2 protein chains.
Amino acid sequence: MEITNDNNPDFFRTQCIVHNLKITPQRILIYNELTGAKNHPTVDNIYRSLHEKYPNISFDTVNRTLLTFYDIGLVDIIESPGSQRRFDPNKENHHHLHCIKCGKIIDFTSSELDALSIPLEVGKHFKVLQKRVVINGICEDCQKKTAGL
Amino acid sequence: MEITNDNNPDFFRTQCIVHNLKITPQRILIYNELTGAKNHPTVDNIYRSLHEKYPNISFDTVNRTLLTFYDIGLVDIIESPGSQRRFDPNKENHHHLHCIKCGKIIDFTSSELDALSIPLEVGKHFKVLQKRVVINGICEDCQKKTAGL
DNA sequence: TTGACAAATAAGAATTATTCCTATATAATA
DNA sequence: TATTATATAGGAATAATTCTTATTTGTCAA
């Protein structure tokens with residue numbers, strides 16, 4: 001049976017235990033904040049939201065914790081033309097559109113793309129945890145803006 | 001006829017002209033350095049290589065120029081868990097394996113993946129310039145390292 | 001070919017982002 | 001509940017990126 005995030009409220013706890021991570025209040029807060037977030041938040045985004053409610057939490061803890069989550073495959077770090085890291089809870093399959101003009105990153109889903117098969121040769125040498133299609137291009141808004149030129 | 005980089009030594013010049021960019025010696029150097037580079041260089045990588053041969057070139061020029069190239073779709077900025085931006089000349093189709101343990105990014109090719117079709121709905125709203133499959137996981141070396149635990 | 005001008009550059013300063021340091025606190029375990 | 005390895009807060013340090021300004025240079029039109 002495959003373990004998934006869905007329908008498993010203890011998914012986070014299980015992952016911590018499996019990876020020998022202590023279940024701290026900070027980690028729970030950060031995990032919840034991230035999974036509740038839209039739009040691929042930066043460390044600072046997560047830190048600010050949490051800091052409003054819990055003024056004692058430190059930036060370093062948020063940063064370190066997010067990197068730890070990445071290390072154990074709990075969240076994703078996404079392609080980011082901006083200068084800040086952006087995180088993505090990888091709970092559901094989705095793909096990314098990247099506007100090279102405004103930097104926007106748009107999620108989209110496609111069962112067809114979800115089903116794409118990884119070349120056998122890759123699977124032999126690399127343990128695949130997650131796969132995604134990343135598309136670079138120009139979003140609708142930016143196309144309209146340049147249309148006048 | 002589709003314009004491609006291959007078999008067209010004036011590709012770079014053409015792109016500059018199309019986008020109203022002046023063809024400066026610095027831009028030529030940076031473009032050549034990037035397209036000749038392996039392994040997804042950072043700004044600093046490119047700057048250092050060039051600075052050895054041309055001590056007058058400035059870091060800012062390298063950085064600004066690479067971002068300009070990205071703006072016009074001439075190069076790619078890739079998914080990078082590290083804290084530095086990493087660039088990739090997008091001249092040929094290829095896909096990425098990302099080791100979440102050591103941060104390595106490995107290129108691989110697959111004509112099957114090159115041929116994947118973008119959902120119609122996406123194409124309607126987004127001008128697709130480039131597409132790529134990004135796979136997160138654990139590389140062979142890192143698998144061996146953890147095997148002993 | 002030259003002159004005018006918009007655009008690009010170098011250099012370094014400023015800002016922003018990330019990571020490190022260390023004393024204290026806390027979760028997990030026996 | 002005592003122990004211990006791990007995690008945290010806070011701030012300092014470092015690293016990465018962007019901005020500012022004076023100067024230079026490519027391009028275009030005469």
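Hydrogens, waters and symmetry mates are skipped; everything else that's a heavy atom, side chains included, is used. Convention: sequence-line order gives letters A, B, ...; per-chain numbering from 1. Since the structure is predicted, the reported quantities are computational estimates derived from the model, not experimental observations.
An OP1 or OP2 oxygen of C:dT19 is reached within less than 4.0 angstrom by no side-chain nitrogen or oxygen of A:R64. Taking only side-chain nitrogens and oxygens, A:R85 comes nearer than 4.0 Å to OP1 or OP2 of C:dT19. Between A:N63 and the phosphate of C:dT19, there is a side-chain N or O to OP1/OP2 separation shorter than 4.0 Å. Applying the 4.0 Å criterion to OP1 and OP2 of C:dA10, one finds that B:Q26 has a side-chain N or O inside that range. When the side-chain nitrogen and oxygen atoms of A:T24 are compared with OP1 and OP2 of D:dT6, none of them lie within a distance under 4.0 Å. Residue B:S58 places no side-chain N or O under 4.0 Å from the OP1 or OP2 atom of C:dG12. Contact check, B:S83 against D:dA15: no side-chain N or O comes under 4.0 Å of OP1 or OP2.
Looking at B:S117 and A:E112, their side chains do bring a donor and an acceptor atom within 3.5 Å of each other. Side-chain N/O atoms of B:H94 and B:D88 include a donor and acceptor closer than 3.5 Å. There is a side-chain donor-acceptor pair under 3.5 Å between B:D107 and B:H96. Between A:S111 and A:D114, the side chains place no donor N or O within less than 3.5 Å of an acceptor N or O (distance only, hydrogens not considered).
For B:I57, the side-chain atoms get nearest to C:dA10 when compared with the rest of D:dT25, D:dA7, C:dA10. Looking at the side chain of B:D60, the nearest of the listed nucleotides D:dT18, C:dT9, D:dG10 is D:dT18. Comparing D:dA7, C:dA8, D:dT17 by their closest approach to the side chain of B:V43 singles out D:dT17.
Using a 4.0 Å heavy-atom distance criterion, A:I17 is classed as making no nucleic acid contact.
Between the OH atom of B:Y47 and the C1' atom of D:dA16 there is a distance of 14 Å, given to the nearest Å. In this structure, B:D44 places its CG atom 14 Å from P of D:dT18, rounding to the nearest Å. Atom CD1 of A:I23 is separated from atom C1' of D:dT8 by 17 Å (rounded to the nearest Å). Straight-line distance from the CZ atom of A:F59 to the P atom of C:dA17: 8 Å, rounded to whole Å. Between the C1' atom of C:dT9 and the NE2 atom of B:H51 lies a distance of 14 Å, rounded to the nearest Å. C:dA17 atom C1' lies 12 Å from atom CD of B:Q84, rounded to whole Å. Between the P atom of C:dT16 and the CZ atom of A:R86 lies a distance of 18 Å, rounded to the nearest Å. Here the C1' atom of nucleotide D:dT27 and the CZ atom of B:R27 are 13 Å apart, to the nearest Å.
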(request) Determine, step by step, whether B:T42 and B:N45 satisfy the side chain to side chain donor-acceptor pair (under 3.5 Å) criterion, reporting the C-alpha distance in whole Å, the side-chain angles of both residues, the deciding distance to 0.1 Å, and the verdict. (result) CA-CA 5 Å; B:T42 61; B:N45 292 155; 3.1 Å; yes
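Taking the nucleotide of DNA chain C with the nearest heavy atom to each of B:P55 and B:G82, the more 5' of the two is matched to B:P55. Comparing A:N56 and B:L21 by the nucleotide of DNA chain D that holds the closest heavy atom to each, the one mapping nearer the 5' end is A:N56.
Just one residue in the list A:K127, A:H125, A:K124 forms a side chain to side chain donor-acceptor pair (under 3.5 Å) with B:E140, and that residue is A:H125.
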